[in-house]
Structures are given as structure tokens and as C-alpha cells.
Q: 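Below you will find the structure I want to go over with you.
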Amino acid sequence: MSEEIPKAYQPGEVETQWYARWLDSGCFRGDETGAKPAYSIVIPPPNVTGILHLGHVLNNTIQDILARRARMEGKDVLWLPGTDHAGIATQSKVEQKLRKEEGKTRRDLGREVFLEKVWEWKEEHGGIIISQLKRLGCSCDWTRERFTMDPAYSRWVAKVFVDLFNDGLIYRGKRMVNWCPKSLTALSDEEVIMKAQKSKLYTMRYRVAGEKNRWVEIATTRPETLMGDTAVAVHPKDPRYADLIGKSVIRPFPEAEIPVVASEHIDMEFGTGVLKVTPAHDKADFEIGLKHDLPILDVLNPDGTLNALAGPEFEGMDRFEARVKAAEKLEAMGQLVKVEDYENNVGYSERADVPVEPRISMQWFLKYPCVEEAAAAVASNAIHFRPERWKKTFAHWMEGIQDWCISRQLWWGHQIPVWYRKEKAGELRERESLDATSAGADLRVGIDPPADEENWTRDEDVLDTWFSSWLWPFATMSDSDAESSETLKKFYPTADLVTGPDIIFFWVARMIMAGYRWRGCLPFQNVFFTSIIRDKKGRKMSKQLGNSPDPLDLMAEYGADALRFGLMRIAPTGTDVKFDEDQIVEGRNFANKLWNAARYRQMQDAPVAIGPLDFGSLSIYSLDILARLDQLENDLRLAYEDYRFNEIAQLLYEFWWSHYCDWYLESTKGDFAADADPAARASTLATMDLVLKRFLLLLHPFMPHLTEELWEKIGYRGEHGPAFLMQTPLPSESVLAGADLAAVLEARDRVAAVYEAVGRARNLKAEYGLGANKGVKFIVDPEEGSFPEATVFARLAGAGEVVVTPGYEAAKGVPAALTGIGKIYLPLEGLVDVAAERERLGKELAKANDELKKVNAKLANENFVTRAPEEVIGEMKERRKHWQARVGEFEKMIGNLGS
RNA sequence: GCGCGAAUAGCUCAGCGGUAGAGCAUCUCGUUUACACCGAGGCGGUCGGGGGUUCGAAUCCCUCUUCGCGCACCA
């Protein structure tokens, strides 16, 4: 049943082997017909273009821990995985490849052929991140893996579009949107990242029309757009310019007379208090333009170059080059007053990382549904955000919520399910606004194409990728045509969502609204926001910096379990985490420690047979470790309730390494000696098995492969139990059930005293440079007349001999320590350096005196004595007694040293 | 500008009203029934500064400093 275990743990093969066995046995399958309570998570779908980074590792390890723990708590668990199609990222990746390999653009191929290429690419590379998640040990139900472009999923997306259109929540209009000149598409507000920018503030002057030599000075950061100026604006109450309102100024090039208008929006303090108004290229200017009925003069091409309206010398020039050129031209004309360094915020495209261009274009927009329900759900903790402070961020966004630009000028994605009758298409496409009421019979908005498709033209745009992922929790579990499904009934709403706070608006908020809109209820009960992983210096991980270690390398070197455990131990709830590879080394070391403790148990070579323990026959050390295990189980339960994963990891680590290995295992080694009492050996072994077995169960969610391996190797699986540790329920009864609790408490006190004494003895040895000396003799004058733990004490303290002598009168100069079990003497004939010992004891005495003083000061404070709670005062009195006794003893010992 | 975090041992972080902790690093010892990916022992902190509340503050409040993150149309 049990096998021999190698000396150092080699995770590589163990991990891949177990993962394959779990998969083969269908261990991850979520049973929608099961009778047990349901627990479900949907994975935040990674991009098909993605490769695993540490953020994924953190995020998915947490989900795996939750899923595995839930299974062991006796639930039917579904962890539903999948990927999303990542419109912009995937399309540009394939375009890039096309350019490199064939020197072609997507337009050279045409839409249909290009999309075939993207699918090919997806088939080839889209599975990478999935295989990496498998390497990590994720217990997802892969039989239910979904992709946002799956046919069934796509029908959901279309259905949702149609629903919203029919409700009047989706409309089309010509609006100012964020335009990415690199990806050549509109973006939503959320996809624009404001970045502080070192730029220049140009002050230029425009001549006032019809007046001799009168100029107005205007400050701008974007002189390259002045060709699109159609007005100049001042504050209506600005006395400097009051008389200008209604007059005109001369735009320098292309030369034109443009009006001076008044606008409340102008900040009189800023620059010169005069704003150039370029309605086509600035959102605020656009608003002013609307109010004053100004012409909209678009001087930019979609790719960010200037067009013919900017004038022949600028046509075709890139916007940043044009900025320099425009300033030069102004200077040549004598109209550039000054140029200053200036820091401002510029919006960047999240994906393409170039400055976005505000641009007027025809786009589809969504007025969000179920905003109130969503906001209320989070406010009331019906959906519980952890850490809670993200509630505020969420609420703030929900309050100021803006319509969502959902159309993208891409090919890869869900094409908008709108068809225009061919002969009307031209007109319909240009119509300023289009909604359910104004549409008419020349427009079809439907899940399926019209029957006479040949007479229709489909809208070319696709939908924002997030417009599909916001349906993820239910669209992965059911078909859009069916009312519901078995899976949905069993597993929706899901229990936990684990994701990063960076997508709280992109994804979390929208999923909540979608959940209410199409399922009539919340999509998940808890949202756990993970930390952002930074490098050791606190910088964000990025490819450019090269500071992002490849998790696969880490797993190859240390094992997936080590990576999981190491990361979880430092992952705080609520703040960023600085990654340090040493933490993963610790994870590996911990795995090895467990491995070897298990190996040690194997070396005792006794069959595994865990029956009920006979508590009466257990040693005090066994009772103590059982009590600690009991405590651990309680602490873990509480920590799980609050999702304090770092604490769980720390508790497991501490229990095993410090309490079990350092103390319990060492203090029971005597029971396995050749001449040991067989009864003691048997009861210690039984305790060891019980503790190890339970510990493997408790650790399993964090280190699934290693625990499963040991479970089998040691032979804990048993004849009739489940085939795998991962399927084994956590016992609900305490390991101490049926024990005499008073006896346990007594044992624990005694063990604490023995261990303390061991510490003092080791201390004494080290003080005299005998740390490694095994032949040392100790004399113990026991507190209670006898010292039955002398043998264990000798072993732990590394003593050759322990003589128990009640009332022992030490000769002068013998070093001694005062402990809970009595006085310990280290007789060192001829070795004692009296001066050194006096110094050492002197230090001890000083420390005791310090503590005593502190306590006395407190107790002398009348305010303290009258106001502090009774138990605190009682504790202080105890402390005083303790330190008083110690002071007395040390004084006596020093006296004993003689002179 | 508004809002939210963070600042504790050389490093990474716990602790969040009642005697300042862990791991790593460092120093000294050490192969005794697993483990050198190990064991034992040390060194190391006016808990960012300043005020306040309290019998008592790393912990609660105010303020300042530094860093990070959201949100915001100052051109």
C-alpha cells in the first residue's frame, strides 16, 4: 500500500501526473443533477491572445482554493472556464502577422478571408493560456469551457442587442467619441487612460477683425488643430474681453474670420482667458459649438494625419509633426508669443498605447439597464465587495454613469445584428440618429439575418468585447433560446467572483446590470478583488521593463504548489503586493518540509490504521498537538469566512513547521527508539497519522498536487473511501471529540512549561559555547517534586544527562535558569567564568526589573486601577507576581556566584 | 482639484486599543531516528513626523510629509 519516498521532493512529474489523473477521472466536473448544495464560480475569461502572468496565477489560485475547499466541504462545485475573443488585441495580432509574413493588410484580404485567418490563429494559439492554467492545477470543469465567439454565446450577444434596441436603450448617433488612430476604431471612456504628459503650452495671437493692430492672445497645447478652429471663446464676465464678444478674429491659416463667443465654461485664470474653439477635435469645444451653432471642421484623418482641410502644406502630415510645424509657421508669421513647458493629462488608448483623438463619428450607444438595481445591490451588500472600500469606487462610477459606446470599427468580434435595406442603406447610415421608433421597415434588427438577405446590407461594425463578456455568468450556462437550463438552475447565481479592481467598471459593474436585466437577479454574491502584483521595487509588471517573471519558469523550477503557496502567503487583502522570488523559494521549502515529515512517518514502517484514539493513553505532547490542530481548524474556518488567504497560508505554515515538526515530532522521537514502550509507540503513531492526514486535507486547496501524492504514498486513501484526496470530505468533528478537556488543558500547560524549559536550557548551553555539545549534564530542581519529562527534556535540549534533584543546593558559580518546571542548573566544573555568568544573570535581572517597574507603574496609577477593566488589572497583578518572583530568584542566583 | 490606499527590524510583510511579531538576510554553533530546500542560538524596531482622545495608542481622531491608485472637459 505504501511506497518508499525519495529524500527531496521533485514536484515536476508529480504535478503533471496528478493533474492528468484528476482529469481522466472527471474530478472537476460540475454535476448539475447533484443533490448537494451548489457552489459556483465563473472564471474571468482571459484573452485568447493572453499568456499566463503572475496576476493570473494569483487570481486563479484563489479561485482554485475556493473551489477545492468547497468540494471538500461537500458541495457540488462548478468552476466554469473560458476565454474571450479580445477584439482589438486579437485583430491587431493577426494583422501584424499578416503584414510581416505576407506584406498584406486586412483590407487586401477582405473581411471574410481575414476572419478565417483569425480563426486559424485562434485555433492554433488560443489554447495556450488554458494549458497554462492546467499546469497551475486549476480544477476547472473543462468540459464546459466557453469562448465568447462560440455560436451559442454569439446568439446571446445578438439577442441582448435586439432586446436593448427594442427597449430603446440602444441607439445610434453622431457623437464625439474617443478615437484610437492606431487601431482605427472608437473606444469607450473606460478604454482611455489618462496619463500625465510633459508637453508645451503655446501662446499665440490672433488678429481682431476690423481693428487696426489689435490682437488676442490664446494659449493652447494643440496648435496643430487651429486649422479646425471655428471660433474663439471668452468668459462672458471677463472685463478684458467684454467688448470682443460678437466681433471676429482672424484665424491665421487657412485664413478665415471666426467669431468670438461667450462661454461660462472658460476659466478666466487659465492662460490668457481665451480659448480657441475646435468643435471637431475637443469634447468641450464640441459642446460650445453646439450652443453657438458653429461649423464643425474636421482637419484630421482617421489615422491621425491631417487632411486637405488643414491646407496643402499640412495634408498627410502626422499630428505630432504638424504640431511642431504649426508652431513654426506661427512664429514665422510673428504670431507665436511664447512656448512654455507644461504638464497636462492626455488620454491614451489602453490597448494601442497612443494618444486618443476626440472625434465625431457615427456610433452605437447603450443607455445602461438596471442601473438602480445594480447600485442598490452593492450598496446593501447583497453583492458583497471585498475589500469593502471598492464599494465607494463602484458607487461613484454608477452615479455618474455615461452611455456606453459599444460599436467598434473592427472585423473580429460580434457583428452588429442590424441590416439596412440595400436601396436605403446609404441614407440610413448617414442619418443623424437611429432608434427603435424612427427605424421603420427599411431597417432590421434581429438575431437572425432577414430571409431575403440579398436585399439587405449589414452594419459593418462589431460590438465592444465587453458587450459580450458582461453576459458571462449566465450566457455560459444556458442558450439564449431556452428559458433556462439545468446548469443555470443549479449553479446560477454564482457564489464568488474573483477579479482585479482594474476591471470593476469594464466588467464587474456591467455583469451586475446584465444579471438583473436578463436573469432578474444578481450574478454573484461575493466579489473578491485581488491585489495588483508589482515587482520588488514597487513598479507595475510590464513586458517593457522585463520585470515580470514567467510563471511557467517559476513552476518548472519550484513547482506549481510552491508558486501557489508562496504567492498566497504574501497576497494581502486590499493592497498591492510586491513580488519577490524568495517567497516562492519558501513555498518550495515548505513543500519539502512536509514531504520529509511524511517520509519520516513512513520510515517508522507501521501500517496505517486510523481508528478512534484512546485519549487516556496519549502522551501530553500528543494531546497538545491535537489541541493545536483543533485550534488550527477553527482559525482556518474563520479565515476562510473572511477570504483572508494570506492568513490561511500562514496558519498552515506555522502549524506544520513550528508546532508539528519543530516540537511535536522532536519530542516524540523517543517513542520510536528500539527499546521504546510499544504502547507509547502505537499511540504516538496513531496521533501522527491523524494529524498528518487531517493536515493534508486542510492544505490541499493550497498545494493540491503534493498533498494528493502523499495521501496516496502513505496510504491514507483507504479501501472504501473516495479515489482521491480532492474528493475526500473534510471531517466536521473535532479531533478532540470525546477527550477529557480538563486533562487536555492540563497537558497543554505542562507541555508549554516543558518547552519553555527546553528553550532556557538551550539558551544556557549557547551562553557557554556548548550549543553543539551533546554530553552536557543538567540538574533539575523540579517545581512539583518530580520531573517525569526528563527524558524528553534531555532529547530536546540536547543533553547527555538530566539529573533530577529536588531541593538541589547549587554550588557557588553554577549557571542556572528559572523555568516553569523548576530550576535548571548547568554544572560546569572548572568551566564557569564567574564574571560572565554574573553579567548574564545581571542582564536577566535588569530585564526582570524593567518589566516589574513597568507593571508597578501601571498598578500605582490610580486612574488605571479605577478605570481599566478587571481582567486587565488581574493580568497586571499576575504579571507583577511573576516578575517579582523572578527578580528574587535572580538576586539569589547572583548571590550564589560568590565573588 | 476630489476621493481611496499605503508608510512597523536591512528586505517582504503580519498585528489594528492592553508585555512590538514572522519569514528571509546577517552573525555564532551544529550532520543526534525526516529534511542543509535542515536544526539550535543571537543581533536587529523612539511602529513616517507632529498634535489630540484614553488609565493605556503601532492600533482611534486631526494634521503634515512621501509613495501608489482611481475619478475630473482647465485649453
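All heavy atoms count here, side chains included; hydrogens, waters and symmetry mates do not. Within every chain, numbering begins at 1; the chains are lettered A, B, ... in the order of the sequence lines, protein sequences first and strands thereafter.
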Q: Under the criterion salt bridge (Lys or Arg N to Asp or Glu O under 4.0 Å), I'd like the reasoning laid out for A:Glu875 against A:Arg880: C-alpha separation, chi angles, the key distance, then a yes or no.
A: CA-CA 9 Å; A:Glu875 197 193 307; A:Arg880 175 165 65 183; over 6 Å; no
Q: Taking 4.0 Å as the cut-off, does a side-chain nitrogen or oxygen of A:Trp657 come that near to OP1 or OP2 on B:rG39?
A: yes
Q: Counting any heavy atom closer than 4.0 Å, what does A:Glu851 reach on the DNA or RNA strands: base, sugar-phosphate only, or nothing?
A: base
Q: Give the nucleotide from the list B:rG68, B:rC35, B:rU33 with an atom nearest to the side chain of A:Arg534.
A: B:rG68
Q: Taking OP1 and OP2 of B:rG39, is either one under 4.0 Å from a side-chain nitrogen or oxygen of A:Lys593?
A: yes
Q: A:Tyr9 vs A:Trp595 aromatic rings, parallel, tilted or perpendicular, using cut-offs 30° and 60°?
A: tilted
Q: Of the nucleotides B:rC4, B:rA75, B:rU12, which has the atom closest to the A:Lys392 side chain?
A: B:rC4
Q: Mind checking who B:rA40 pairs with, Watson-Crick or G-U wobble, both distances under 3.5 Å?
A: B:rU28
Q: Is there a donor on the side chain of A:Lys669 or the base of B:rA34 sitting less than 3.5 Å from an acceptor on the other?
A: yes
Q: Scan every strand shown for a Watson-Crick or G-U wobble partner of B:rC47, both distances under 3.5 Å, and answer none if you come up empty.
A: none
Q: Categorize A:Ile266 for me: base, sugar-phosphate, or nothing, with a 4.0 angstrom heavy-atom threshold over every strand shown.
A: base
Q: Write down the partner of B:rA57 under the Watson-Crick or G-U wobble criteria, each distance required to be under 3.5 Å.
A: none
Q: Counting Watson-Crick and G-U wobble pairs only, both distances under 3.5 Å, name the nucleotide matched with B:rC11, or none.
A: B:rG23
Q: Can you pull out every side-chain hydrogen bond (donor to acceptor under 3.5 Å, both in side chains) where at least one residue sits in residues 392-401 of chain A? Sequence neighbours excluded, please.
A: A:Glu190-A:Trp397
Q: As a test of reading the structure: which of B:rC73, B:rG41, B:rC24 is closest to the side chain of A:Ala284, going by heavy atoms?
A: B:rC73
Q: For the side chain of A:Asn589, counting heavy atoms from C-beta on, which of B:rA34, B:rC37, B:rG18 is nearest?
A: B:rC37
Q: Choosing from B:rC71, B:rU33, B:rA75, which nucleotide comes nearest the side chain of A:Thr221?
A: B:rA75
Q: Test A:Arg359 against A:Glu357 for salt bridge (Lys or Arg N to Asp or Glu O under 4.0 Å), laying out the working first.
A: CA-CA 6 Å; A:Arg359 183 166 188 251; A:Glu357 205 56 63; over 6 Å; no
Q: With a 3.5 Å cut-off and just heavy-atom distances, do the side chain of A:His265 and the base of B:rC73 make a donor-acceptor pair?
A: yes
Q: For A:Phe505, answer base if it contacts any base atom (sugar-phosphate contacts may also be present), sugar-phosphate if it contacts only those atoms, and nothing otherwise; contact means non-hydrogen atoms under 4.0 Å.
A: sugar-phosphate
Q: Side chains of A:Phe672 and A:Arg601: does their closest heavy-atom pair fall under 4.5 Å?
A: no
Q: Look at the side chain of A:Glu666 and the base of B:rA34, then say whether one donor and one acceptor between them are separated by less than 3.5 Å.
A: yes
Q: At less than 3.5 Å, do the side-chain atoms of A:Arg389 and the base atoms of B:rC4 form a donor-acceptor pair?
A: no
Q: Partner of B:rC2 by Watson-Crick or G-U wobble geometry, both contacts under 3.5 Å, or none?
A: B:rG70
Q: Within the structure shown, what part of the strands sits under 4.0 Å from A:Ala591 by heavy-atom distance: base, sugar-phosphate, or nothing?
A: nothing
Q: Identify which nucleotide among B:rA34, B:rA40, B:rU19 has an atom closest to any side-chain atom of A:Arg762, counting heavy atoms from C-beta outward.
A: B:rA40
Q: Just to be sure I understand the rule, does A:Leu665 reach a base, reach only the sugar-phosphate, or reach nothing, if contact means heavy atoms closer than 4.0 Å?
A: base
